[in-house]
There are 2 protein chains.
Amino acid sequence: MGEDKLHKYYPHTEKILVAVNCIVFGFEAGQLKLLLLKRNIEPASGKWAIPGGFVNVDESLKTAGRRILNDLTGLEDLYMEQLHAYGDVDRDPGARVISVAFYALIKVNEYTHQSVEEHDAHWIQFSDIPDLIFDHNDMMDNALQHLRTRARYQPIGFHLLPEKFTLPELQKLYEALYQKELDKRNFRKKILSMGFLDKLDDKDKSSRRGAFYYRFNKVKYDELVSKGFNFEV
Amino acid sequence: MGEDKLHKYYPHTEKILVAVNCIVFGFEAGQLKLLLLKRNIEPASGKWAIPGGFVNVDESLKTAGRRILNDLTGLEDLYMEQLHAYGDVDRDPGARVISVAFYALIKVNEYTHQSVEEHDAHWIQFSDIPDLIFDHNDMMDNALQHLRTRARYQPIGFHLLPEKFTLPELQKLYEALYQKELDKRNFRKKILSMGFLDKLDDKDKSSRRGAFYYRFNKVKYDELVSKGFNFEV
DNA sequence: CCAAAAGTGTTATCGCTACACCCATGA
DNA sequence: TCATGGGTGTAGCGATAACACTTTTGG
């Protein structure tokens, strides 16, 4: 993909810096959290920012997003989805930069905690989100909005939980998302009636009685979807 | 926004061509239609394409989208929404180009027909969509999908109809969108019960009996939304 | 007067919501 | 034994879906 081709086909067109930002959600201790970085380049060095970086000419947007997330968390194959392109002329005071935002959901665990801290990144819970640089607060608001909408129609909540999780945990996740308490019986009835959760034999013993573990069964879920099923919480 | 700033803050970063494409929907004679152009530049000159163009460094993505649509249709203040950024490395064989797609809804009438034809653009109905260049068929599929989802929760269908429309027309629009016949009585009951359609005194006399005109009342709609109302067809 | 499209209500079913008590266990 | 959180069923209500006939009027 050289300059020759470029000049041949699209002469006199101006190129622009393209970045990606990744809005990364995690769920831990009943709290929804966002992964933030202290920016270490100018302009706005030292301020809080959503992780991001520039897109190289030889990589796709999604590849760039994965590269950035992998650098930060050490994880591959994250659940990642494109959100929106931010393109106001003056959004970045350093230059004309268009940024494509992705949001990602990760299962927080010890390994990711370590990797994240090595990069001086932090999990911040939603009640404590500081002022962010540029239009990053908008990005975060949009991402949260999107996550809420999405979680209602697709079982993406499972990307935020470990492989094995309990129904009370799953319920707490939805309660954190919607900032609203849900009825235990109705929640269980609905989620179990969908038929894509497998009950396991062992229990999470962090409570007295212990709660049974469940596992998301993607095969069953896909079957249902292909039969015209619509997940809705 | 000069090269100085750029070099100062983000040296050694590669710039990329950024385009926008506009997926324009119209509704005419009971049919959902898409606005397509025969491309007149290389590569792929002469092939069908979704209207688009490059983003200038001194305009936002949305401004670029409006400029392109205005050139084509002569219309300003169209309903326009960003869809997705397409960023595969080889999506455009002419160069590395990232394209941000918007979709737009327009009220087709004589004026727009004239303007569209002057630009050698065409309204193509969905059953007749040809092969498009690059990833433009994907763009179209995504846009249609998005329109369908959106129309179920927001009254955006009204952007496709004239100011005054009849209930049978509105119903035909939804039937075209969902490729499914709807029950007249249930449709009317539901849409009227929402309370944001004003019945007018005159009728559309293109049928024997004639159907009363209605008008979308945005004030009432916004009131309802602010009271936590949720439109759903 | 007839063809064609507009307009109008009722009933059965399903899904959602609200609600209270027993169970298992570690301390 | 008791405090804590896990687990279970039912009844009422509102929304949706199915369904057929009358009205208007131009030709």
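So that the names make sense, note that chain A is the first sequence line, chain B the second, and so on, each numbered from 1.
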Give the minimum heavy-atom separation between A/V100 and B/A85, together with the two atoms involved.
CG2-CB, 4.1 Å

Output every pair passing salt bridge (Lys or Arg N to Asp or Glu O under 4.0 Å) with a member in residues 216-233 of chain A, not counting sequence neighbours, ordered by first then second residue.
A/D198-A/K220, A/K218-A/D222

Rounding to a whole Å, what distance do you find between A/L182:CG and C/dA18:P?
11 Å

What's the CG-C1' distance between B/D204 and C/dA4, to the nearest Å?
14 Å

With side-chain hydrogen bond (donor to acceptor under 3.5 Å, both in side chains) as the rule and sequence neighbours excluded, what pairs involving residues 169-178 of chain B come up?
B/Q171-B/E175

Please report, to 0.1 Å, the donor-acceptor pairs under 3.5 Å made by any side chain of residues 126-138 of chain B, with sequence neighbours excluded.
residue, atom, partner, partner atom, Å
B/S127, OG, B/Q125, NE2, 3.1
B/D135, OD1, B/R91, NE, 3.4
B/D135, OD1, B/R91, NH2, 3.1
B/D135, OD2, B/R91, NE, 2.7
B/H136, ND1, B/I50, N, 3.0
B/N137, OD1, B/L132, N, 2.7

Neighbours of DNA chain D within residues 223-233 of chain B, by heavy-atom distance under 4.0 Å:
none

Residues at least two apart in sequence or cross-chain that pass side-chain contact (heavy atoms from CB on, under 4.5 Å) with A/L72, listed by chain then number, are A/L35, A/L37, A/P51, A/H119, A/A121

Contact interval (first through last nucleotide) of DNA chain D with protein chain A, 4.0 Å heavy-atom:
D/dA3 to D/dT10

In whole Å, what is the span from the CZ atom of A/R188 to the P atom of C/dA18?
19 Å

Across nucleotides 19-27 of chain C, 5' to 3', mark each nucleotide with B, S or - according to how protein heavy atoms within less than 4.0 Å reach it.
BB--BBBB-

Length of the line joining A/K180:NZ and C/dA18:C1', which is rounded to integer Å
13 Å

For B/K164, check side chain to side chain donor-acceptor pair (under 3.5 Å) against everything at least two apart and list the hits.
B/D202

Who pairs with A/K199 by side-chain contact (heavy atoms from CB on, under 4.5 Å), at least two apart in sequence or on another chain?
A/F212, A/Y214

Atom-pair distance (CD on B/E169; P on C/dG7), nearest Å
11 Å

For a quick test of your reading: what N or O donor-acceptor pairs under 3.5 Å do the side chains of residues 101-108 of chain A make, sequence neighbours left out?
residue, atom, partner, partner atom, Å
A/Y103, OH, A/E81, OE1, 3.4
A/K107, NZ, A/F158, O, 3.2
A/K107, NZ, A/L161, O, 3.1

Where B/A151 and B/L177 come nearest, the two heavy atoms and their spacing
CB-CD1, 3.6 Å

What residues form a side-chain contact (heavy atoms from CB on, under 4.5 Å) with B/A211, not counting sequence neighbours?
B/T166, B/P168

Atom-pair distance (NZ on A/K190; P on C/dG15), nearest Å:
10 Å

Under the side-chain contact (heavy atoms from CB on, under 4.5 Å) test, residues paired with B/R215 that sit two or more places apart
B/L200

